[in-house]
Amino acid sequence: MQKEISKTFESGKREVEIYQLWEKSGLSNPDIMKEYLEKEGFEVKSPFTITLPPPNANGTPHLGHMCGYAFHDVIGRYNRMTGHPTLLLPGKDHAGIQTEVVFTKHLASQGIDKQKMGREEFYKECYEFCIVNMKEAREYEQRIGLSADFSREIFTLDERLTKIVYETFYKMYEDGLVYRDKRIVNQCPNCKTALADIDTEHEERRGIFAYIIYPFVNEEGKKLAKEKFGVEGITIATTRPETMLGDTAIAVNPNDGRYKEFIGKKVLLPIANREIPVIAEEETDIETGTGALKITPAHSPIDFEIGKKHDLPIVNVIDEDARMTGDIPERFKGMGTIDCSKALVKELDEMGLLVKIENIKHEVAICERCKTAIEPIISNQWYLNVESLAQRALEALKKGGISVIPPGQQKALEHFYENIQPWCISRQLWWGQRIPVWYSGGKKMFDWLNENKGKSIQDFEKEFNTKATGSGEIFLGEDMPESQNGEIWEQETDVFDTWFSSGQWPYTTLGGPDGEDFKKYYPTQMMIHGRDILFWWTARMLMFGLYRTDQVPYSLALLTGIILAPDGSKMSKSKGNGVEPSEVFEKYGADALRMWYYSDALPGSNSPLREEKIKGNRNFVTKIWNASRFILMNIDDSEVEVIVNAKVNETERVKSTKAHVKKVKKYIEKCQFNLGAEEIRGFFWHQVCDVWIEEVKAEIKDHEIGSKVRIEKLTELLYILKENLKIMHPFIPFVTEGVWQELVKLGLAKGLLMSQQI
RNA sequence: GGAUGAUUAGCUCAGCUGGUUAGAGCACUACAUUCACAUUGUAGGGGUCAUUGGUUCGAAUCCAAUAUCAUCCACCA
């Protein structure tokens, strides 16, 4: 008799329904899964945990995110089906700077000025903005089939999480690892905040190389120079003439014969009219420019180091908005750096001190987020001395406590740890976790005392001609401390670098080192993310994890491939070559997309989106549906009970199926998902469908309903189908569950495929 | 400048610790088929496995050099 099973697996509609079925079961919650295993009498193995990488809450997920989820889910489902109460813990990241930039733009597009809005209101509205995005992101996560425990979903700005992040900060302060320091930092004039070195990129841009003469102060020097160089001074070459106003020396290589006799002499810095020395510095490259290097400690990282070495004064001439400032001629004050550069070059030319200007291309540091050229300036920031933390992480790596796939990236990580520098963790933003520090008497006084070691509050009062309003100490905590002697407490305005909190993700999400979930589910088993954030994220998580929990937060970092646009370029909104996940879901379904990821987005590879391949996988999904449907159609209602209770004979087909299942399990355990995907596809399609079903078709052809041959053959075939569905489920959960539920309807199976044991 | 990885069919890539005629998906060709399959099946074409040396009974696989590409790191004024 004809059974009512639709002719195709309508992925668009069915996938959503099936997800609801899973959600209702609650089995994504490991506590519930554990109860289920106990109740059913299955062996309960150790819990399996992954704290899922939180996507940025400022936008919607793209195909790259989906790829990560697909890999998490195949592993999660497999573990759940092999007896491990499995926790895939989802969350969202506030993504500090990026979100602040995005939301500020969003406000501007509505004609709203961020500054006028004020900090509190901005934070509140940005939070709401994120909540909306988070909801949408969650829908996508569920759409790809992610069997995460959404009852535990958490946001990085959640109070519970922030509390733990603050505890880490306090502990680090006590351990002397975090401190305030005045040094050169990368300032993004557009985002108006300091950035860590890692948050900058380098890009080749067009620029100028200006050759400028710095004349000697005394006649003797002038004469000597005139004889040697034909001009009365040393010619330096610079890409940034405007920084000359902050020059405090000229450096030459001591081995450079041209300049040997000038070392120690003084030149007159043109326009600024300041006398600066010629110093010997081995770092100076004889080949570059004229071999003479102007030193601006306040506005160049390398000059800062040289200045420190030679104890040179620091003269600030550029402020945090990239405008000219400080002790410079009035006419330049407030100018942008580029305008100032032009004006200076013109004046120098008129004075006869400009030799020439070359147009060159050179690498400049830019802001990773907004691509604005970085302005190195001196400022007070909070730093984390990561050296000891990096050391521990490095040891763990080398001892094999954690491994990275692909292995080449592990070496990159080791290299990162070996060359790590103090991490600037403060950001001059509103969006993020406010650094929990209060300054008695104000931040300005604290910084002044900090940078002028040995000076007293009285000196401060004298210097600024004011009355101190506190002791100059700091207090760590969220709430303002009580005023004892009438001192005034000023709250820190900076927030933490977003990675300071996301770096603690594996334990903050579990309630911190004292949390209930932490005790049950930490350490986690693995972490999967794009290799583009290896240093930002995995590097930090290992350091924080070891620091706070004395354990590696996970023992395996699996880096996925990067999903590219069909033409092989990076998908980007600005280029308009992106493909929305919703389009793919609608056209081919989540299972087909997942299969493509497993086959193509291998660790270490870049995978251009190939629609025809996803289509091929869609055909596979259809094949599964139809083959299953055919088997079910062949089983007569009257045969159901007999078949369900029949013993499965150990035939060649059954043996071969068992061997297949074993093989796929091995592939999954070794994270060789491409091989696993190929194996399930090849076996089901070309063995089960093309050969066995055809054989059975012939074998039962002339036998009556209920006959021994039919029962035997159909029992065998049903067994093969079920085993295949189970092993395919972690890869393509929707269609397999869809078929399973048809079996359930006919009384041929029970429960959810999701919780069956392999 | 440094590091890491890649180079295998038209395309995207598999090929683990070296072992008989080198694989998959998609694309292509021919035939069959509307019998569960918005199709599917069968058969087939297509590769000096980047180049050159070496180790070995045997190399796509190990080693060395070269070339090209990619990604990451780096303060070049």
Side-chain angles (χ1 to χ4, degrees), chain A residues 3 5 7-10 184 186 197-198 200-202 207 209-211 236-241 243-244 247 250-251 281 283-285 287-296 299-306 360 362-365 374 376 406-416 418-419 421 531-532 534-535 559 561-562 564 566 568 595-596 598-634 666-667 670 672-675 677-679 681-682 685-686 689-691 693-694 697:
Chain A
K3 297 198 175 65
I5 302 173
K7 230 176 156 185
T8 53
F9 181 66
E10 294 156 41
I184 196 152
N186 308 295
D197 294 341
I198 196 175
T200 65
E201 288 175 356
H202 296 267
F209 208 28
Y211 290 73
I236 55 91
T238 180
T239 55
R240 303 199 52 198
T243 62
M244 70 176 285
D247 283 359
I250 285 183
E281 171 52 55
E283 296 273 312
T284 314
D285 183 8
E287 304 291 320
T288 311
T290 61
L293 171 65
K294 67 191 256 323
I295 304 295
T296 323
H299 301 293
S300 153
I302 185 174
D303 293 4
F304 180 79
E305 294 304 324
I306 293 173
I360 56 157
H362 64 140
E363 291 271 312
V364 294
I374 291 298
Q409 294 298 308
Q410 178 157 340
K411 286 184 191 158
L413 195 54
E414 286 172 12
H415 183 261
F416 175 80
E418 280 159 6
N419 296 286
Q421 295 296 314
R531 71 169 186 274
D532 49 338
L534 180 67
F535 301 140
L559 308 182
I562 295 170
L564 303 171
M595 273 303 270
W596 174 67
Y598 303 135
S599 314
D600 268 33
L602 288 114
S605 72
N606 297 331
S607 312
L609 186 71
R610 306 228 79 105
E611 201 172 327
E612 69 272 16
K613 297 188 84 169
I614 299 176
K615 196 174 157 191
N617 287 317
R618 193 269 322 269
N619 290 350
F620 175 50
V621 169
T622 305
K623 186 78 184 176
I624 293 170
W625 182 256
N626 276 296
S628 307
R629 183 170 146 252
F630 177 71
I631 294 172
L632 297 189
M633 278 169 57
N634 269 284
K666 208 163 159 192
Y667 283 141
K670 287 166 82 177
Q672 292 175 310
F673 303 108
N674 56 326
L675 299 180
E678 202 174 291
E679 184 66 25
R681 190 211 326 262
W685 201 328
H686 303 302
C689 296
D690 294 350
V691 183
I693 290 182
E694 292 304 320
K697 216 192 266 185

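Only a predicted model underlies this, so the values are computations on that prediction, with no experimental measurement involved. The sequence lines fix the lettering, A, B, ..., with proteins before strands; numbering per chain opens at 1.
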For A24(B), which nucleotide in any strand shown is its Watson-Crick or wobble partner with both distances under 3.5 Å?
-> U12(B)
Between C1' of U17(B) and NZ of K666(A), the distance in whole Å = 12 Å
Should the ring pair W685(A) and F620(A) be called parallel, tilted or perpendicular, given that the plane angle runs from 0 to 90° and is split at 30 and 60?
-> parallel
The Watson-Crick or G-U wobble partner of U56(B), with both key distances under 3.5 Å, is none
Using atom NZ of K411(A) as one end and atom C1' of G5(B) as the other, report the distance to the nearest whole Å.
-> 10 Å
Please report, rounded to the nearest Å, how far the C1' atom of G15(B) is from the CD atom of E679(A).
-> 14 Å
Rounded off to whole Å, could you give me the CE-to-C1' distance for the M595(A) and U12(B) pair?
-> 15 Å
Expressed as a whole number of Å, how far does the P atom of C16(B) sit from that of A3(B)?
-> 27 Å
Summary of protein contacts for nucleotides 22-31 of chain B, nucleotide by nucleotide, where a base hit scores B, a sugar-phosphate-only hit scores S (4.0 Å, heavy atoms) = --SBS-----
For the side chain of R618(A), starting at C-beta, report the closest nucleotide among U39(B), C37(B), C16(B).
-> U39(B)
Atom CD1 of I624(A) to atom P of U40(B): distance rounded to whole Å?
-> 13 Å
Figure out the CG/P separation between N634(A) and A36(B), and round it to whole Å.
-> 8 Å
Nucleotide by nucleotide, nucleotides 70-77 of chain B touches protein heavy atoms under 4.0 Å in the pattern (B base, S sugar-phosphate only, - none) S-SSBBBB
Give a yes-or-no answer on whether the side chains of H415(A) and N419(A) include a donor-acceptor pair shorter than 3.5 Å.
-> yes
Rounded to the Å, how far apart are N419(A) CG and G1(B) C1'?
-> 14 Å
Identify whether any heavy atom of I631(A) sits under 4.0 Å from a base atom; if not, whether one sits that close to sugar-phosphate; answer base, sugar-phosphate or nothing.
-> nothing
Could you check if a side-chain atom of E305(A) sits within less than 4.5 angstrom of a side-chain atom of I302(A), using non-hydrogen atoms only?
-> no
Can you tell me, in whole Å, how much space there is between the C1' of U21(B) and that of U56(B)?
-> 22 Å
Parallel, tilted or perpendicular, as decided by the 30° and 60° cut-offs, for the rings of F416(A) and F535(A) | parallel
Sidechain N-carboxylate O distance under 4.0 Å for K697(A), E694(A) = yes
So what does D690(A) hit on the nucleic acid, given a heavy-atom distance under 4.0 Å: a base, only sugar-phosphate, or nothing?
-> sugar-phosphate
Minimum heavy-atom separation for I295(A) to A251(A), with atom names?
-> CD1-CB, 3.8 Å
Return the set of residues passing side-chain hydrogen bond (donor to acceptor under 3.5 Å, both in side chains) with D285(A) (not counting sequence neighbours), or none when no residue passes.
-> T288(A)
How would you label the contact of Q672(A) with the nucleic acid (heavy atoms, under 4.0 Å): base, sugar-phosphate, or nothing?
-> nothing
F673(A) CZ to C16(B) C1', straight-line distance once rounded to whole Å | 15 Å
